[in-house]
Amino acid sequence: MRSEGPGLGGAGALAAGVLAILGLPLLGLSDYAMRVATLTALYAVAATGWTLIGGFANQVSLGQATMFGIGGYVSTLLFARWGVTPWLGGAAGAALAALVAIALGGVAFRLRGHYFALITLALAEMVRIVVEYDQPLTGGAQGLSVPLVRNSLVLLQFARARDYYEIAALLLLAALALSRAIAGWPLGYELRAVYDDEIAAALAGVNVRRAKMRAFVAGAILTALAGTVYAQFTGFIDPDSVLSIPLSIQLALYAIVGGARTWWGPLAGAALLVPLGELMTSSEAGAGAGITKVLYGLILVAMVIVEPDGLAALLNRRRRGARAQA
Amino acid sequence: MLQLTRVSKHFGGLAVLREVSFTIERGEIVGLIGPNGAGKSTLFNLICGLARPNTGAISFAGRRIDGLPAHRVCALGLAKTSQLVRIFPGMSVTDNALVGALLRTRNIRQARSIAMAALERLGLGHAAYLSASDLGLVDRMRLELARALCTEPALLLVDELLAGLGPAEVNVTLELLRRLHSQGLTLAIIEHNLGALMRLCGRVLALDAGRLIAEGSPEAVSRDPRVVESYLGGAAGDA
Amino acid sequence: MALLQALVNGVLVGGVYALVSVGLTLVFGVMEIVNFAQGEFLMLGMYIAYLGFVGFHLDPLVSALLAFGLLFGLGMAIEAGLVRPVLKGSQLGHIFLTVGLSVALQNGALALFGGDFRAVQTPYQVSALALGPVRLSVPYLLAFGWAGAVSAALHLFLTRTGFGRAMRAVAANSTAATLCGVNVARVRMVAFALGCGLAGLAGAVILPYAYVFPTVGFQYIVIMFTVVVLGGLGNVNGAIAAALLVGVVQSVSTLFFPTVLENLLVFTLFVLVLSIRPAGLLGRAHAL
Ligand SMILES: Nc1ncnc2c1ncn2[C@@H]1O[C@H](COP(=O)(O)OP(=O)(O)OP(=O)(O)O)[C@@H](O)[C@H]1O
Ligand SMILES: [Mg+2]
């Protein structure tokens, strides 16, 4: 099946990619490097969730962090209060995220234009306000710690970063496989049609709302699952780290920089920017906090002006010579 | 197979269609004429579900379709091509048509062969692998027609397909429409080119300022004093 | 009595919301762009007034003019250099251009000024007028007065001047306006700059009663969107009415709910309106 955009070579390259992702720990990297790699994989999954609706269908969500936060909070609350294993908690979080997406899409997808961005932004703020307000349940603005149990696959907790990495890498491969498959499914064609012209799509018989809804729900589930693993991995979540607008923007940024219309773009963007961000925040050390974020903002601005389709399009252009992009 | 009963549409205070009623029978080719701004495109948009009438009823194949969204109407076998051509510029020519075929099969390979067949039929086979944005205007119109055919319509609404075509291309396109008709497609065509309509249509409807002012054979309608008047009054006789 | 007081406070705050939201809705009407950096322009206006106060003992209500001028200029530059190139592109570019600007400005302010909450001390800061049983806080009243004056001036500009009429023509239909000889590019630039300038001015006039910090714009931005959507995207008069309404809802809700939840009610209103009347409470149909 043909996937959209430049595929990364043939089956051989694909297999090599899978092996590289799963085999990274064999390089004997430091624990710190493995932590960064884990974060990269998790953000790449969350950004892939954003891309299914934001990139494939051009329906920009500014509240994807809500789904990430739902994943993190649901599994952590179930675990901390009732000892439910995060494997089940993650499923519950994904289910709740899907329901929220259905409700939100039900309102937003009746409208065209910027309403989806506005309504996802508003919802993100509502969820955040509620979580910060209901302190007895959610820990409020102070956040929530994951009870420490150490090294238990059943409870999704490990002593070494590389074990978390393997979980994150498997999730990443599943997310990429789903995203790539969707591009070749009827849904993928419908989403590309919606991207180009919603009215023409409807005239061609595409159920535009249903297509958007499917992409949004699938993306919500992926992002929520990433949120659950993130919570287990960091051992602590608060509204700033998993429910904030800046996180929503960050996820979109990864996808846009890598190429929001391709299945591998979000991974490329995250692989480039997450380590860069970690490097800068660690060297920033107090003075000039915020420089990294300034840079993020500027990259975003430059990217949408120079090449809104991201690195993918640059590669594409180089590969096909100087043929002008539409 | 299509029936409109006292259909009206207004945008804000502007009445664009007033109590329009007519029917189209299976197997017909019906022309729709009228000066610029008469409401022809709006009428087609109401029928195909892009907008809903303020009052009145539209039925197709025995069921009410006004208020249904466009993709549902399309699924019932009623397709439309647009006056301002609407294709998917970011997709390949084949994929454009393939999207239409997805209404009939969810199997990509089958959809692709339906799409290829439609493209061949319209003389676009050679362009199948181009990007749709690389097509010229005439080919874009053909592509939109091919996409519409891929949805396997029983009734096709065509909004000004001939505008911008040279005489030779007009002939080719008319021949094509006639062939589609002979294969069982019912057609309703908006056209300013009266000569072409005469050669194609069995019956013509004339719209002026949102009202149906004449209906009958092409010859009769084109000689109808009110129709002549509406064209002369509107566009100083450039029809 | 508390209710009356809350109503009055709500109207006063709503006046300022109107000032910021009018800029947002104008830009949307003319360019079909939602300026997600509008809150950051407000923040910049606050810092300009703050620096004016600290450095030159300028009253914020006076440096409001300065803030307007500086941000108007910045707005022109941003429109010409950054917005124009993405206007023709996809919605993703429209949204993330201003989102990116917002991130850069917010964190630029953080790097420059640090995260501290800052305020100015004006002589009228705590004074209030008693109007029967209702107290009118002087800084709120002054800000409201500024907002009212500017809205009136804007109204005159849009209805009485040739350029203002051209702006409304572009908002209604840019193709038709081009055909009528309107210089659409120029109109867009001025509209965007006006939006920025108004936000900056609003920032300065609220400084006497509000803290300034790098993310302060964010507190306003979702409220502004609510106002603009309630009023009907692109509808200036609608935005003013909706701004007063939102101010009142917010202020009255604090009588019944904890203050931290005041915005929850506003956002709920926003989602409700979008699901029931997407064209806005007072709006013309701009959706679908
Ligand atoms: N969405 C809309 N909002 C407001 N007015 C509209 C809208 N669509 C069409 N109109 C108006 O309705 C009238 C009829 O337009 P329509 O496009 O149906 O005419 P037409 O007969 O197809 O003309 P033409 O021959 O030029 O294609 C015009 O005056 C047009 O301005
Ligand atoms: Mg027309």
Side-chain angles (χ1 to χ4, degrees), chain A residues 1-7 55-58 106 109-112 180-214 259-262 307-310 312-313 316-317 320-326, chain B residues 44-45 48-51 68-82 84-92 94-112 115 129 131-135 140 143-144 146-153 156-157 159:
Chain A
M1 202 116 305
R2 217 171 51 87
S3 76
E4 190 62 9
F56 285 11
N58 201 23
F109 292 147
R110 291 190 302 167
L111 308 163
R112 280 201 302 271
R180 184 168 190 269
I182 284 178
W185 288 345
L187 178 60
Y189 288 84
E190 292 177 343
L191 292 173
R192 286 192 290 280
V194 168
Y195 185 106
D196 274 356
D197 185 341
E198 291 187 25
I199 291 179
L203 280 176
V206 174
N207 186 339
V208 175
R209 278 169 69 179
R210 189 184 65 187
K212 289 180 187 172
M213 190 68 106
R214 287 181 172 170
R261 302 196 66 184
T262 63
E307 187 45 81
D309 285 340
N316 208 5
R317 201 179 289 172
R320 296 190 190 164
R323 208 187 90 190
Q325 289 274 26
Chain B
F44 272 19
N45 286 344
C48 76
L50 282 185
L68 286 188
H71 69 269
R72 294 277 308 280
V73 175
C74 191
L76 292 174
L78 199 169
K80 185 192 91 125
T81 65
S82 318
L84 300 170
V85 188
R86 298 196 97 118
I87 54 165
F88 307 121
M91 301 173 77
S92 76
T94 314
D95 288 357
N96 263 267
L98 190 156
V99 170
L102 287 176
L103 192 58
R104 300 301 167 203
T105 169
R106 302 301 279 180
N107 177 315
I108 295 289
R109 197 169 302 162
Q110 275 173 20
R112 174 159 287 131
Y129 296 104
S131 161
S133 59
D134 293 340
L135 296 183
R140 284 176 189 228
L143 177 56
E144 193 180 0
R147 190 182 67 203
L149 292 179
C150 283
T151 67
E152 296 175 1
L156 179 65
L157 311 177
D159 194 347

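All figures in this text were calculated on a predicted structure; none of them were measured in a lab.
For B:R104 (side chain) and B:A75 (main-chain N/O), a donor-acceptor pair under 3.5 Å exists by modelled atom type.
For the options B:I87, B:L103, B:L102, heavy-atom pairs under 4.5 Å to chain A are most numerous at B:L102. Among B:V99, B:T151, B:V73, the residue making the largest number of heavy-atom pairs under 4.5 Å with chain A is B:V99.
The contact between B:S82 and chain A is made entirely by side chain atoms (from C-beta outward), counting heavy-atom distances below 4.5 Å. Both the backbone and the side chain of B:R106 have a heavy atom closer than 4.5 Å to some heavy atom of chain A. Neither the backbone nor the side chain of B:L78 comes within contact range of chain A; no heavy atoms are under 4.5 Å apart.
Between B:K80 and B:C48, the closest heavy-atom pair is CD-SG, 3.6 Å.
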### Task
Evaluate the side chain to side chain contact (heavy atoms under 4.5 Å, CB included) criterion for residues A:V208 and A:K212: first the C-alpha distance (whole Å), next the side-chain angles of each, then the deciding distance (0.1 Å), finally the verdict.
CA-CA 6 Å; A:V208 175; A:K212 289 180 187 172; 3.6 Å; yes

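The distance from atom CG of A:D196 to atom CG of B:N96, rounded to the nearest 0.5 Å, is 7.5 Å.
In terms of the side chain to side chain donor-acceptor pair (under 3.5 Å) criterion, B:E152 has no residue partners (sequence neighbours excluded).
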